[in-house]
Structure formats: structure tokens, C-alpha cells
Amino acid sequence: TKLILLDSLLQEFSERVVMPSFKIKVKWGKEVFQDVEANTDEEPLVFKAQLFALTGVQPERQKVMLKGAILTDSSWDKVKLRDGAMVLMMGTKDEDMPEQPVEKTKFIEDMDERELSKAMDMPAGLQNLGNTCYMNATVQCLKTVPELRTALTRFGGNVSLGGGPDSDNLTAALRDLYTTMDKGNTVPPIIMLQVLHNAFPRFAERGEGGGYQQQDANECWVEILRMLQAKTTPTEGSTKASAIEQFLGIECSSETKCAEAEGEEPTKSVEKFLQFSCYIDKDVKYLHTGLKNRLSENIEKNSPTLGRDAQYIKSMAITRLPGYITIQMVRFHFKQKEAVNAKVLKDVKFPVMLDMFEMCSTEMQDRLRPARTQFKAYEDWNVEQASTVKGKGKTEALRAEREAQDGEGHEDWWFSEDVGSSNSGYYILQAVLTHKGRSSNSGHYVGWVRQKGDTWLKCDDDEVSPIHEEDVLKLSGGGDWHTAYLLVYGPRKLPKVRGQKTGSDETPAAATENMETS
């Protein structure tokens, strides 16, 4: 089957270090693509995947020829390449294919999941290439950060299957994959997977049956961000080193004090993260509680004052909130005896609207207050409008705000001196990466992303289907169903037009900080 063929060619790629590579020309219609890399030590299907990325023509629809010889999916035997050779490709993109004859009208209630996805113009899914759902879910959730997409387009490098820096290859591969996905068809992420395996060989490990082993999606998330951190440039004027730090970077002040020697000076430092951890224990029922627990922990280390190991209390407070905050639900713990990452199934509720105010330092809280005051006045106005017009009060007000999030014209959600930060501490849930199973190295991963309002998309590999926000909030755990593992929150946006009054009648700015967080 095609999946076995893909599996075989990826295995060959990961096992080889030096590979014969040619730079050739590819003529497709009136277009000629220069310096296209072709590696004859790989299956031709990999080369066709490159042509798919360039032209949008699906591999099964390509006819590739050199001097009358046709390239098959499995062998280069009939086609002898050399540098500079001109290869002819024939094939039509999906959007240029002639339309099918008019079919009988089918109503939504009679459609299955695939037909519904097509009718509602669902975005592209990603083909599972053999236990690669961890990568597919990661790619779909990262795609919800528009500033990351923009930063990727600024990167000018290309994928080099014959070598080159891993960070260059992975950044270019993700950029090209998103470009292909924007065309709306299911994509086989062959090149992305190859680059990932090349950069991180542990992701290419195989099981007893010879197929790829399942991997930890959070490990994939962290490694991809680390590569992008090295290659994505920040926006003009930013003091951050990369777009990843600019839009996803968290900064905390840290103080470590010895609990057994009061006279010992505490150690202070600044710590930086790309995701915030939610520790889960028997007392944690809500995300907010787990996040607060992260800020204080007991550790044991050597005390210079006592000359022995002693108990220390480490306290942290957030001093910089990013526009987009990723939260890892720490659900897996390594069990030495079974040698597996066992899963904590406990139900931990998470909100659509997240407030990080209490996790911040006193100085940071003071900086957040002006924007929060404007949000409070906006909330009061929304409730007043809803009560007057529709008589539904707070429920209708929340709906009105959700609709406004997707509209045009918002106030800046960042501090003027730190574009990409959060100036309010308020966030809206925009993506959830879930795991179904009992171990991080088995089971199944799925991405769930917000489309618009309270409509979400379930991205289960190549199947993309619409669901309601209420179903997303049920992914909080408690059983063997899909359970939230990573949460991605984006900025809560304040509309520029929100019923402000002018002059002496201007909306009052009295506000309170005790907002509901769960």
C-alpha cells in the first residue's frame, strides 16, 4: 500500500548519511523550476512530494518524464539524472480539474463526517504516515498563531534533503507545509516528517513490527519551537531574539530561600519558558489551581550555610506575559518498573477565558491594570446592552464579546514597548492538543482548533470536522476519552468601538480584578 511505501522510503532516508543528489530543472506547463534537488537514493515518491509542494499537483496525478522515460513511484531505473537535466512534468492541480457532473442535492443531516467537512469548506487535514498523529496534532495547533505564520513567511531558506542545518530545514519545511495546507486538500506531510526524523532520530524509532513508534506530542512541540526559535525573526523594533520569544515567551522572577537557615541570603534569578506547566495532584480540580501551584515548590539542595543538603522553598512570579500562552497539563509520570510514561487521568477543568493576573508579580499586576479597567467597562456596557435589547443579560453579553473577537478593529493587546506581550493578562482558548490512551508513547493524539465564535474544528489526522465549544470543554479528563494535554490561549481582544461616550459622559473606568477564571 501507499502507506507501507512511505514508511519504507522514510526508513531509507533516516539510515543514510551521504546521498547522491542532483540539481535539475523541472518544466511544468509554462513554468520552469530551477535547482530542484533530486536524490536518487530515495524513493521517487519523495521527489514527487517536492513537486507537489512546488506545483500543488498531487503525486498520483503527476507524470514525470526525462527523454521519453517515465518515472515510476518505486524506481529510478528508467530515468538517469545528471546536474542541470530538464525534467518534464505533466499534471493538473485539484482546483484546475474539470468539475464533476452535477450530483443530486444532499442535505446536511444526511451527510457523513467526510461529506460534511467538504460541504463546509473545512481546512486541510494531514495524512497519518504511521503513528505520526503526534506531529499532525502539533502542526495543526501551532497553525492557530497567525504571527508565527507571518514569521515563517519571512524565512528565506529552503529544505535541503541532502543536508544543511536542521533548524533551516525544519523551519522551511513547516513554512512550506502550511502553504500547501492553505490550498485546502489533505496533505501527506512526507518532507516535514523526514526533516523531523533527521533532526531528532528518536522520533524515527521503530517497534517490534517495524513501524514507527508513537511519540510524545509535547516533546515534538518543544523541539519544533526550539528549532523555530533559532530561525524566526521578530518584528521590527522588538528587543526579543526571535518571533517565538516575542509572541510565546514567558519570563518569571525566581527566589529560592533556605527553610532551615533564616540567615542565608535567598538566591534570585530570571527564568524564561515557552510554556507554562500545570501540575496535577489530588487537590487540583481546576486549571487555575494547578497554575498557581507551579509558582511555589519545595526542593532539596546543598546549603553553604549548613554545609549539608537542606530544604528550600522556590517561589516564582510572572514578570512578562506573552500574547499567546501554551500550557502543558503535566499528565505523564515515568514509572521505572514498567518503563512507561504513565498517565494521570484526573479531570481538571479549563476555561474558555483565562486570567493570569494572580500569577504575576506585584509590579506586573500594576502594569496590567489600565487595560483590565477598559475590559471591565466594556463588560459592563455589553451586559447593559444585552439586558436592554434582548433581555438576556450576561449570557448574551458573553456571546456578543465572542463575536467581537472575530471582528475587525481592536485595541493593541500588547505593551507599546514590547510588541507581542499581553497588556491585560486575559486570554481566549484557541487550540487544544489531546491524548487518548494510558501512555504518552501509545494511544492517539488529536488537535482541536477554534474556527470562529463557538465553532471549533476537530483535526484528527486527515479528518477535519466541526464541533461545538461545549464538546471541547469536555476534554478535561477523568477517563479514557481524549484528554487535554496542551492548551493554547491567544489574546483577548478589546474592540475599538464599544459604546464609549464622549466628553463629560465618558464611560467610568472603575474596575475590579476578581474576575472568574474557571
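All residue numbers refer to positions in the sequence shown, counting from 1. Computed from heavy atoms alone, side chains included, the values below leave out hydrogens, waters and symmetry copies.
- Within the 4.5 Å cutoff, the side chain of D471 has no heavy atoms near those of the K458 side chain.
- In plain terms, the two heavy atoms of M353 and I428 that are nearest each other are CE-CD1, 3.9 Å.
- A side-chain hydrogen bond (donor to acceptor under 3.5 Å, both in side chains) check over residues 238-248, counting only residues at least two apart or in different chains, returns the pairs Q229-E245, T235-Q246, K240-E251.
- Contact of the L457 side chain with the P123 side chain is registered, since non-hydrogen atoms from C-beta on lie closer than 4.5 Å.
- No side-chain heavy atom of T319 sits under 4.5 Å from any side-chain heavy atom of E363.
- In this structure a side-chain-to-backbone donor-acceptor pair under 3.5 Å is present from Y178 to V139.
- The two residues P188 and F52 come nearest to each other via the heavy atoms CD-CE2, 4.1 Å.
- M192 places a side-chain heavy atom less than 4.5 Å from the side chain of L170.
- Scanning both residues, A124 and G184, for their nearest heavy atoms gives CB-C, 4.0 Å.
- A heavy-atom distance below 4.5 Å is not found between the side chains of F47 and E42.
- Residues L368 and G425 approach most closely at CD2-N, 3.8 Å, considering heavy atoms.
- The pair D406-R450 meets the salt-bridge criterion, since a charged nitrogen lies less than 4.0 angstrom from a carboxylate oxygen.
- A donor-acceptor pair under 3.5 Å is formed between the side chain of H435 and the backbone N or O of S442.
- Under a 3.5 Å cut-off, the side chain of N423 and the backbone N or O of D412 do form a donor-acceptor pair.
- More than 12 heavy-atom neighbours from other residues, nucleotides or ligands sit within 6.0 angstrom of NZ on K346.
- Each side-chain hydrogen bond (donor to acceptor under 3.5 Å, both in side chains) pair with one or both residues in residues 155-166, not counting sequence neighbours, appears once here: E37-S160.
- Side-chain contact between F273 and R294 is present, with at least one heavy-atom pair separated by less than 4.5 Å.
- Looking only at side-chain heavy atoms (C-beta outward), P189 and L129 come within less than 4.5 Å of each other.
- The heavy-atom pair separating L321 from I325 by the smallest distance is CD2-CD1, 4.3 Å.
- A donor-acceptor distance shorter than 3.5 angstrom exists from the side chain of Q430 to the backbone of T144, with no hydrogens or angles considered.
- Between R202 and E205 there is no salt bridge, since no side-chain nitrogen of the basic residue lies less than 4.0 Å from a carboxylate oxygen of the acidic one.
- In this structure a side-chain-to-backbone donor-acceptor pair under 3.5 Å is present from N128 to N131.
- Between the side chains of Y324 and E147, at least one donor N or O lies within less than 3.5 Å of an accepting N or O.
- For the pair F200 and Q215, the minimum side-chain heavy-atom distance is 4.5 Å or more.
- Q50 places no side-chain N or O within 3.5 Å of a backbone atom of A38 that could act as its donor or acceptor partner.
- Of the possible polar contacts, one joining the R61 side chain to the T92 backbone as a donor-acceptor pair under 3.5 Å is found.
- Summarising the geometry of T180 relative to A53, their closest heavy-atom pair is OG1-CA, 4.2 Å, with the distance given to 0.1 Å.
- A donor-acceptor pair is defined here as one N or O able to donate and one able to accept, closer than 3.5 Å; no such pair exists between the side chain of R175 and the backbone of T153.
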- request: List the steps, then state whether side chain to side chain contact (heavy atoms under 4.5 Å, CB included) holds for D461 with L126.
  value: CA-CA 5 Å; D461 291 327; L126 294 169; 5.8 Å; no

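- Using the six-membered ring where Trp is involved, F33 and W28 have ring planes that are parallel, under 30° apart on the 30 and 60° scheme.
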Residues L494, F375; criterion side chain to side chain contact (heavy atoms under 4.5 Å, CB included); working and verdict: CA-CA 7 Å; L494 185 68; F375 269 112; 3.7 Å; yes

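- The pair R367-E417 meets the salt-bridge criterion, since a charged nitrogen lies less than 4.0 angstrom from a carboxylate oxygen.
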